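Notes follow once the structure below has been shown.
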Protein chains: 2
Amino acid sequence: MTMDIKIVDVASRAGVSPATVSRVLNNTANVNAKTKEKVMEVIRELGYLPNAAAKNLRSQKTMTIGVIVPEINNSYYAEIIKGIENKAYAQKYKVIICDTGNNKEKELDFLNLLINRTVDSMILVTPQLSEEELARIVDMNYSIGIVGRYVGNGKVPCVFTDNVKFSKEVVRHLVERGHKEIVFLSGYADAIDSFERLEGYMKALREHHLPFLPELIENGDFNERGGYEAMKRLLDKKVSFSAVYAANDEMALGVYKACREFNIAIPGQIAVVGVDNDRISRYITPKLSTVSQPKIRMGRAIVDKILHQLEHDSLKEEDRVLVLESELIVRESSDIRL
Amino acid sequence: MTMDIKIVDVASRAGVSPATVSRVLNNTANVNAKTKEKVMEVIRELGYLPNAAAKNLRSQKTMTIGVIVPEINNSYYAEIIKGIENKAYAQKYKVIICDTGNNKEKELDFLNLLINRTVDSMILVTPQLSEEELARIVDMNYSIGIVGRYVGNGKVPCVFTDNVKFSKEVVRHLVERGHKEIVFLSGYADAIDSFERLEGYMKALREHHLPFLPELIENGDFNERGGYEAMKRLLDKKVSFSAVYAANDEMALGVYKACREFNIAIPGQIAVVGVDNDRISRYITPKLSTVSQPKIRMGRAIVDKILHQLEHDSLKEEDRVLVLESELIVRESSDIRL
DNA sequence: CTGCATTGAGAAATCGATTTCAAGCATTGT
DNA sequence: ACAATGCTTGAAATCGATTTCTCAATGCAG
């Protein structure tokens, strides 16, 4: 064990009381300039750093926020985390992470860090919890923030992109390229993102006076494999279609794989569009059209809101919800006139 | 503010002293079965969780480890973090992360969390710090672990793959395919990985009785752009070569880009091999030959060693260092006879 | 039935900071 | 010259758990 240096050590060496050292350290009251100088000198000399646990206990703050993501090794979440960490660090906060691996148990367990005061606030990225479950936490006056979905509760800051809006844009783009039979490849059927993207898809169809054909909807799981299998089921069904809108790039990769296997040309025979602007979308052949979301900015933004709320104990409703713009990036996989 | 439940609340409600509640909670001494049952019931009833700061302060432990990586949104580091987080969680530890963005200042600053006892241990992934700097920390009896490079100091657990060994394998593979003039694209010239990969490259040349030509070495920065520019410099120099061994996949992507621009066929005119088995390497055309490292396992392994050392206050030398096997994956970009 | 070991549980000390309370001293105004 | 005010500072309380110390009650052997 290291023999750590404590505030009393600094105090006695500087010939003052611990209270004074604390005052110098935190600039929390006037201290004679000379005394202050002496104390600071001793602090430097001994390389003193205040014990975190003691500080946390007394101040009832930890300067730490927790982040819960489904999968940390997925560029979408990794970038959001980067945004969160960078902003947090700039505000002197630390970040504890939890990779749930889509395990709701772990998500719930991790929320205990909020209750036992390990963290001051918790950011949930596309949580599995329902609105009611979130509400219960907030009602106990714990601070949480959500990334990736809208939350009705008037106290929960949230940051996300408008799934409905960009989905409509994707469909419009495909329609403009002459497509009339467009498949929608959903993610988890119960995920809010899937739902909203489907909603945008349907609204766009209506706006363009195209019929909604239920057989053109298939469920995946947001993973490559799910996209691959969904695509094979579609091909088996022998329904006719000329374009696929996959709820994310991962599933679009699955579509690519299936097409390669069945010798279907992209975009010659089938156009493909994904969502997320995963790095791979730019490198794969043909380059994948996709929707880019400002992931790092989303991370930074939620931290902003949470810390504002923590410090001011409130947030105006118009500041609570932030809808960030997403952008349709048309690349080779859909850029062809039918 | 929530009115948190404290141990005294549980105690009074159960008609016992806080000491007894603590004993029940931590199984640290005999408690009458009946009393114990009653206490546990009250704990469940009130949903009591012990305040973390108080616990940390008294027990001088935080059950938290810090992780410092250069870039969290880079699949290589993200996977290592995943391994760390998963293993840590299984052992009831939390993980605080730091994304330095290759900023040594931030790396040093973050190490203070070790000194102020925010974390029990710190894992550095390919740190910028020198052996001496690391030694200084360890000599003050702080616990650290290293991923991605060997450390001489007899107290620092480290986990890595043998750069020299797999570099020799890469060169052997290229030589077997008939290449004699092989470029080595280094990462940061001062990074340990660059150095060791270069060493392996040189040793392999010697073993195969090939001359070492300094003009075939170029420096990059481990990023795509660096690889791209290095490749252009090489082409400018008009030296002759038929293969490129890039110190990581990122730089190999840069090589791809340069080749596309100059209409050089891969692998027809130039073979390319990278390192890391980045997800993209499998999706890009032509598929990139690369070296895969067991990233998640590396993360899990370092946590194992650190916690063992924390608990037993020692580690046998043979347990301190772990060299994991890497695997050369030959794909299209190099799989052709010259 | 006495003496000694064992079990069970409370009172109080402790971890290392911050903050309140009170007081000493100097300065200013009348 | 004396009260009032402001500036510094230290002593002690506090945050909420864990752990040591102590002692009462019980069990068991002789």
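Chain letters run A, B, ... following the sequence lines, proteins first and then strands; every chain starts at 1. Here the structure is a predicted model, which is why all the values come from computation and not from measurement. Values reported hereafter were calculated over all heavy atoms of this structure, with side chains retained and with hydrogens, waters and symmetry mates removed.
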If you only use heavy atoms from C-beta on, which nucleotide in [options] is closest to the side chain of [X]?
X: Val31(A); options: dT19(C), dT9(D), dA17(D); result: dT9(D)
X: Asn30(A); options: dA17(D), dT9(D), dC7(D); result: dC7(D)
X: Thr28(A); options: dG16(D), dA17(C), dT19(C); result: dT19(C)
X: Lys55(A); options: dG16(C), dT18(C), dC15(D); result: dT18(C)
X: Asn32(A); options: dT9(D), dG16(D), dA9(C); result: dT9(D)
X: Leu57(A); options: dT14(C), dC15(D), dT18(C); result: dC15(D)

**Report entry** Closest approach of Gly145(B) to Val156(B) (non-hydrogen atoms, all atoms of both residues)
**Finding:**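 In this case the closest contact between Gly145(B) and Val156(B) is CA-CG1, 4.4 Å.
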
Salt bridge present between [X] and [Y] (N-O < 4.0 angstrom):
X: Asp120(A); Y: Lys61(A); answer: no
X: Glu317(B); Y: Arg320(B); answer: yes
X: Glu79(A); Y: Arg297(A); answer: no

Show which side-chain atoms of residues 36-51 of chain A pair as donor or acceptor with protein atoms under 3.5 Å away, not counting sequence neighbours.
residue: Glu45(A); atom: OE2; partner: Arg13(A); partner atom: NH2; Å: 2.3
residue: Asn51(A); atom: OD1; partner: Ala53(A); partner atom: N; Å: 2.9
residue: Asn51(A); atom: OD1; partner: Ala54(A); partner atom: N; Å: 2.9

Would you say [X] places a side-chain N or O within less than 4.0 Å of OP1 or OP2 belonging to [N]?
X: Tyr48(B); N: dA17(D); answer: yes
X: Gln60(A); N: dT14(D); answer: no
X: Thr35(B); N: dG8(C); answer: no

Query raised in the report: For Asn26(A), which contact category applies under a 4.0 Å heavy-atom criterion: base, sugar-phosphate, or nothing?
Result: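 Sugar-phosphate, no base atom in range.
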
Requested in this report: Would you please test Arg117(B) and Asp4(A) for salt bridge (Lys or Arg N to Asp or Glu O under 4.0 Å) and show each step?
Outcome: CA-CA 9 Å; Arg117(B) 303 287 170 187; Asp4(A) 306 73; 2.9 Å; yes

Requested in this report: Tell me which residues in residues 15-25 of chain A put a heavy atom below 4.0 Å from DNA chain C, sorted by number, or none.
Outcome: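 Only Ala19(A), Ser22(A), Arg23(A) qualify.
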
Report task. Establish, for the pair Lys106(A) and Tyr89(B), whether the NZ or CZ atom is under 6.0 angstrom from the six-membered ring centre and no further than 45 degrees off its axis. Result ->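 Judged by the rule, Lys106(A) and Tyr89(B) form a cation-pi pair.
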
Report task. Using atom CG of Leu46(B) as one end and atom P of dA17(D) as the other, report the distance to the nearest whole Å. Result ->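 Interatomic distance, CG of Leu46(B) to P of dA17(D): 12 Å.
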
Query raised in the report: Ala33(B) or Leu49(A): which one's nearest nucleotide on DNA chain C is closer to the 5' end?
Result: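 The answer here is Ala33(B).
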
